[in-house]
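These numbers come from the heavy atoms of this one structure, side chains and all, not from hydrogens, waters or symmetry mates.
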Amino acid sequence: MTPVQIVPRGAYLNLILAALGFLITAWAWGLISPLSAYYKQTLGLTSFQQSVLVAVPVLVGSLGRIPVGALTDVLGARKVLPAIALLTILPVLALTVAGKSYPALLVTGFFLGLGGTPFAAAIPHGNGWFPPAKRGMALGVIGMGMGGTAIAALLTKPMLQIGPNAQFYLAAAVLAIYGVVAWLVLRDPPGRTVPAEPFTQRFTDAARQPMTWPLALLYAVTFGGYVSFAVYLVTYLQTAYGLEQGDASLKAAGFTLVAVVLRPPGGWLSDRVGPARVLAGCLAVVVVMAAWQAFTPALYPWATLTLLIMAGALGAGAGAVFALVAKVVPNAKIGSVTGIVGAVGGLGGFVPPLVMGAVYGAMGQYGVGLLLLSLVALAALIYTWSIRTRD
């Protein structure tokens, strides 16, 4: 008989606060992307320069997850999450004066990448509050924080009607409120232990875990694929289908919301039938949808349905990857392993926008980039199917 696994008192409150922290900082993290076409036009940027502008916060937010994950092991998410929220206010406010210069935008985008790092603090926090049978669901809820990029896209047009910097001021105010509330209310999981080993040893131990790098590469395909669409879809829809910025931003937000909403079900289903099986099914969908979208089908209904189905598969697949992390990684190493997996996953979102921009600049179409995504997803599917018996 399976023993009853009790959820500690306060677990759900802490889960919601951690997810909200990632949601709000991800909103800040995604502020540049919906405006990239505007910056391209006003600053006379090339398609590749526009792609770099969008990709820089993704790169920094991804690599920054490694030290943030390690720092969370030592200090706990109770301190790390509010600190990051408060520090992210600075680059958000810098956007109010950086928009007239491409170098200034790049520098601001670099520091705005801090908003993408709380994932590495929120995941071990949620993992510590819940028993193994419920961790897939819990980590899926935290993953919903990526919906912050949808908030940025949805608010771009209405906030621009108020003023050019209105969304930046709003995001800064919300970050400040969250930082104070989280500092007062957030609590570390019961029984949390502080590692005695130095960061270098913990990173080395995490890197040597047999499943760390396979999981990181699988996350690069699922989460990275989702992030690349989240930050580049506005540009893609404007260029490939001729949509104006408001419509493109709205559709990009819809893509993000579908991926975010299906991430917890991906984790929940993984708790019941096994994460590798769920991930394999999601990757199979991505293989087919990306290959079909490479032919640029009509926007209504085909491309719309294709992109939304692919969004759901990428979101549920990302939830399944972290359900797999919770199963195969020792609890004491979750923070460090999460940092590595999250960093590589984020890098998976850094590369595709650059590839798409370069492909379009060279060929005037995006088909090759989407076919590459389909092939990468196929390779990930073959590997995932080979390890399905481990969960």
Side-chain angles (χ1 to χ4, degrees), residues 22 26 29 54-73 110 113-124 127 139-140 142-143 145-146 149 199-200 202-232 259 263 266-267 275-276 279 282-283 286 314-330 333-355 372-373 375-384 387:
F22 185 36
W29 192 32
V54 168
V56 164
V58 177
L59 174 64
V60 177
S62 303
L63 293 178
R65 290 175 180 179
I66 295 176
V68 167
L71 197 63
T72 302
D73 284 342
F110 178 89
L114 181 65
T117 63
F119 180 74
I123 285 291
N127 189 78
L139 302 188
I142 288 173
M146 272 305 298
T149 59
F199 166 72
T200 52
R202 283 184 285 123
F203 178 81
T204 301
D205 289 344
R208 287 176 176 173
Q209 291 292 308
M211 287 297 292
T212 295
W213 296 106
L215 288 168
L217 293 174
L218 291 172
Y219 200 57
V221 178
T222 53
F223 178 74
Y226 153 67
V227 168
S228 62
F229 275 105
V231 302
Y232 199 74
R263 185 157 178 163
L279 180 57
C282 293
L283 290 169
V286 174
L314 289 169
V321 171
F322 264 96
L324 192 56
V325 170
K327 279 183 173 288
V328 301
V329 175
K333 300 183 185 298
I334 286 284
S336 299
V337 172
T338 294
I340 295 174
V341 173
V344 176
L347 288 175
F350 169 76
V351 175
L354 297 180
V355 173
L372 286 174
L373 171 61
L375 290 173
V376 170
L378 178 60
L381 168 60
I382 293 170
Y383 172 76
T384 303
I387 63 168

Rounded distance [0.5 Å steps], [atom1] in [X] versus [atom2] in [Y]:
{"X": "Ile66", "Y": "Phe203", "atom1": "CD1", "atom2": "CZ", "answer": "5.0 Å"}
{"X": "Ile382", "Y": "Ile387", "atom1": "CD1", "atom2": "CD1", "answer": "13.5 Å"}
{"X": "Ile340", "Y": "Leu63", "atom1": "CD1", "atom2": "CG", "answer": "12.0 Å"}

### Task
Let me see the working for Ile123 and Phe119 under side chain to side chain contact (heavy atoms under 4.5 Å, CB included), right down to the final yes or no.
CA-CA 6 Å; Ile123 285 291; Phe119 180 74; 3.5 Å; yes
Can you give the donor-acceptor pairs under 3.5 Å from side chains of residues 317-324 to other protein atoms, not counting sequence neighbours?
none

### Nearest atoms (heavy-atom pairs only) where Val221 meets Ala377
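Heavy-atom minimum between the residues: CG1-CA, 4.1 Å.
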### Task
Write down the atom of Val54, the atom of Pro57, and the distance for their closest heavy-atom approach.
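Heavy atoms only, the tightest pair is O-CD, 3.4 Å.
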### Message
Please evaluate residues Phe229 and Leu314 with respect to the criterion side chain to side chain contact (heavy atoms under 4.5 Å, CB included), reporting the C-alpha separation (whole Å), side-chain torsions for both, the decisive distance (0.1 Å), and the verdict.
### Response
CA-CA 10 Å; Phe229 275 105; Leu314 289 169; 4.3 Å; yes
Partner residues of [X] under the side chain to side chain contact (heavy atoms under 4.5 Å, CB included) criterion, sequence neighbours left out:
{"X": "Val68", "answer": "Thr72, Val80, Ile84, Thr117, Ala120, Ala121"}
{"X": "Leu381", "answer": "Ala280, Leu283, Ala284, Leu378"}
{"X": "Ala220", "answer": "Val344"}

### Message
Strictly by side-chain hydrogen bond (donor to acceptor under 3.5 Å, both in side chains), give each pair with a member in residues 207-217 just once, sequence neighbours left out.
### Response
none
### Query
With Tyr226, which residues qualify under side-chain hydrogen bond (donor to acceptor under 3.5 Å, both in side chains), at least two apart?
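By the side-chain hydrogen bond (donor to acceptor under 3.5 Å, both in side chains) rule, Tyr226 matches no residue at all.
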